[in-house]
Structures are given as structure tokens and as C-alpha cells.
Amino acid sequence: MLKFQYKYMNQNKKRILTGDTPSGRLHIGHYVGTLENRVKLQHEYDTFILLANVHAFANDYRKSEEINKNVYEVYLDNLAVGIDPEVSTIYLESGIPETLELYSYFMTMVTHARAIRNPSVKDEINYKKLDPSMGFICYPILQAADILGFNADLVPVGEDQLPVIEQTREIARDFNKAYGETFVIPSAKVGRVARLIGTDGKLKMSKSGENAILLSDDEETLKKKIHACYTDPSRIHATDPGKVEENPIFEYHKAFNPNKDEVTDLENRYRLGKVGDKEVKEKLFVAMNNFLVPIREKRKFYEDRPEIAKEILIESTKRARKVVIEIVEKVREQMNINKLIK
Ligand code: ATP
Ligand code: MG
């Protein structure tokens, strides 16, 4: 039986904090937007990955069971793409209640006008057609607590999250100004594809959009999704010149097909009306499937060993909490909030 052992304790590295809302399994947009950077940078930075279950309640507070299920799926997805639990710390947000203390201090620092002006929040309310809870409107403030609670230097995210990181930076600056240097001002790091298009041609592939190719999709599902994928709607016959830009099948070829000559050849022929969608899709299926095979295998490894997966999560959450407790203690001292009961 494998014994889980964390290797990097007490190393004086810069920190990464990043994570995902467990609103569904992770997709290939997450991969190019943020997961790839997490995997690449995990040895260089002390990396903390948040399973944002408290955030998930902001979508619908009644969905506890579904959220728990999705937490586990998102956890497996992170391990499947190569997050090494002996190197990175992957933890459950609700396991660190001190984050919520920080959240309540930060809530007093952000005006109502500033909160509702956040473009990430506005966009999401629109495309998810939400009647947003207060928790949803304030989710960037909770995210600021997640990030600043670790004094993270770097936050790997997709482009849609940039306004949220900007709000985190504002909170850190305002706090430092009021109470002295406490927080590091974190920077965002966007992945090699800032915002991967959805299979329906919508600007963003999204867990809640039913326009996603999942990292855990099996071959059959992948084939079906690629077959049904939106292409260039103005192209009726294979002999019509087609548009490659903002065409999901070509965006995916560019992002996941390592055979660059094949991609250039398909693009050229598509523009000239010399290749059908069928060939482009068949070749995309081969490339995407090759990309997903090792991810599926690694996922299966952990799926088959739930006791190890659980042990890792418990130990990692404890370790992450220690870091946050220290920082929140410093915040209390800076604010002198407990002066009268000391
Ligand atoms: P939801 O629809 O529930 O908001 P989501 O698909 O947007 O789900 P999140 O958990 O909100 O996923 O995002 C996790 C991380 O993945 C964030 O850093 C986000 O910017 C990034 N991300 C999400 N979708 C994409 C995408 N299509 N392209 C690039 N990055 C993405
Ligand atoms: Mg999102």
C-alpha cells in the first residue's frame, strides 16, 4: 500500500494559490487556462490548490450533496493532470474556517457600488441567468480571503478571472494602507489560451454551460462531442471557403494537436474550401484522445484508491490551515481587534 508523504514542508519559496469551484468536472479550458501552469510551476512555487466548496454554495445553497460529489471530481481532475500531492497542497476550503473570518473583515472594506461593478460577476450573472445571492455578488471578496490568507504571490487563472484578482489586489493595498504592511500584492498568471471557446461557439467553455469537453470524458463521449461541435455556420459545402478564426475545431487543434504541420495544412485547405469538417474533426479526435489518455489513466489510479485520496486531502487541508492561521493571527494583531479581551 502506498504511503503518502509530503516532501516540501518548510521551504522558503514564493507561494501560488489557485483553485476551482466544484460546480462540475473540469474541462479542457481549465487545462490551458490554469491547470497546465499549476503543474508546471508546482516545483518552483509552494503551491496551494483550493477546492472551493464554500464558493459553490453561492450558486445554490441547497446543493450540498451535489457539491460534495463535485469536490471529489475536481480533486481527481487536478491529480489526473499531474498535480503531485507530495509537492503541492490541495485542500478543502471549508476546512479552514479562518478564511471566513478574513472574509468578514474584507466585506467591510468593499463598497456596494464596487462589488456590483466587478465585470467577472456581471458576466457570470448574465450567462448563468442568476438571481444572485449576496454570496454570489461577494464571491470576489471571499476569493480575496482565499488568496490573501496564504499571502500568495501568484494566482494562475483564466482571463475571465482577471477582474477578481484586481479586486484582491485593491483589498490588499487598502488593508496595508490602513494597518501597515500585512499582505503581499498577488499577481495573476493567465495560461497559454486565455479563454478557450466552447463547443457551441460561445466565447467561453464553461462547466455550467453544457459546452465543455471534460478531462474525464471517455473515447465515445469525446467522439460524440467533437462530431456535434459547432464549426463555421456560414459554410454549407466542403467546397466553400471556411473561417478558421473563432472556429472551435481549429481553436482546439491549435491548443492540443502537437502536429503543427498537420494543423497548418488543415487550416490552409479549410480556408480554400478543400477539406470537409469530417476530416478536420477526425484528426482532432485523434489528437484530443492522445492528449486525454494519460489523464484518464492517472484519474483511474486515484479513483481505484479512495483511501489514499482521502488521506491526502485530510493531511493537506491540515497543512494549509496552519499557514492561514498564522496569517489571520497577524491580521488580528495589526487590527488590534482583540485589544479589550487580551
Ligand atoms: P462555472 O461555469 O461554474 O463558473 P468554470 O468553467 O468557469 O465554471 P471555474 O471553476 O469558475 O470554472 O474556473 C476555474 C479556473 O479555470 C479559473 O481560473 C478560470 O479562469 C479558468 N477557466 C474556466 N474556464 C476557462 C476557459 N474556457 N478558458 C480558460 N480558462 C478557463
Ligand atoms: Mg467560472
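Every number for a ligand or one of its atoms is a count from 1 in the order of the listing. All values below were derived from every heavy atom in this structure, side-chain atoms included, with hydrogens, water molecules and symmetry-related copies excluded.
- Taking every heavy atom of S206 and a limit of under 4.0 angstrom, the matching atoms of ligand 1 come to 1 (P), 2 (O), 6 (O).
- Applying the salt bridge (charged side-chain N to carboxylate O under 4.0 Å, His left out) test to K274 and every residue at least two apart in sequence or in another chain returns nothing.
- The closest protein non-hydrogen atom to atom 31 (C) of ligand 1 is G29 O, 3.8 Å.
- Looking at atom 4 (O) of ligand 1, its nearest protein heavy atom turns out to be K128 NZ, 3.0 Å.
- Close N/O approach between E159 and ligand 1 is not found [any backbone or side-chain N/O within under 3.5 Å].
- The protein non-hydrogen atom at the shortest distance from atom 3 (O) of ligand 1 is S23 OG, 2.7 Å.
- The atoms of ligand 1 that sit less than 4.0 Å from any heavy atom of R195 are 28 (N), 29 (C).
- Polar contact check, T21 against ligand 1: a nitrogen or oxygen pair lies under 3.5 Å apart.
- Checked against the 6.0 Å centroid threshold, Y61 and F57 do not count as a close aromatic pair.
- Looking at H27 next to ligand 1, an N or O pair under 3.5 Å apart turns up.
- Note: F256 and Y31 have tilted aromatic rings, judged against thresholds of 30 and 60 degrees for the angle between ring planes.
- Side-chain contact of Y270 with D277: a donor-acceptor pair under 3.5 Å is present, judged by distance alone.
- Checked against a 3.5 angstrom limit, the closest N/O atoms of G158 and ligand 1 fall inside it.
- A heavy-atom separation below 4.0 Å is found between A194 and ligand 1.
- Heavy-atom minimum distance, S94 versus N53: OG-ND2, 2.9 Å.
- Minimum heavy-atom separation, N247 to D232: ND2-N, 3.6 Å.
- Using modelled atom types and a 3.5 Å distance limit, the side chains of K225 and T199 yield no donor-acceptor pair.
- In terms of polar-atom proximity, T34 is not counted as a contact of ligand 1, lacking any N or O under 3.5 Å from an N or O of the ligand.
- Looking at Y31 against ligand 1, nothing comes within 4.0 Å, counting heavy atoms.
- With a 6.0 Å cutoff to the six-membered ring centre and a 45° limit on the axis angle, K223 counts as a cation-pi contact of F285.
- Per-residue contacts place G33 under 4.0 angstrom from the following atoms of ligand 1 (heavy atoms of the residue considered): 29 (C), 30 (N).
- Protein heavy atom closest to atom 26 (C) of ligand 1, with residue, atom name and distance, is L196 N, 3.6 Å.
- Aromatic ring pairs are classed by plane angle as parallel below 30°, tilted from 30° to 60° and perpendicular above 60°; the pair F48 and F150 is tilted.
- Looking at atom 7 (O) of ligand 1, its nearest protein heavy atom turns out to be K204 NZ, 2.7 Å.
- Close approach of ligand 1 to V157 (heavy-atom distance below 4.0 Å) involves ligand atoms 18 (O).
- Listed by first then second residue, pairs satisfying side chain to side chain donor-acceptor pair (under 3.5 Å) with a partner in residues 333-342 read T182-Q334, not counting sequence neighbours.
- The protein heavy atom nearest to atom 16 (O) of ligand 1 is H30 CD2, 3.0 Å.
- Note: an N/O pair closer than 3.5 Å links D160 and ligand 1 by distance alone.
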Worked verdict on R173 versus E170 for salt bridge (Lys or Arg N to Asp or Glu O under 4.0 Å) | CA-CA 5 Å; R173 277 194 218 105; E170 276 173 38; 5.9 Å; no
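- When the heavy-atom distances from atom 8 (O) of ligand 1 to K207, M205, Q161 are ranked, the shortest goes to K207.
- No side-chain donor from either of Q167 and Q143 sits under 3.5 Å from a side-chain acceptor of the other.
- Protein heavy atom nearest atom 1 (P) of ligand 1, with residue, atom name and distance: S208 OG, 3.3 Å.
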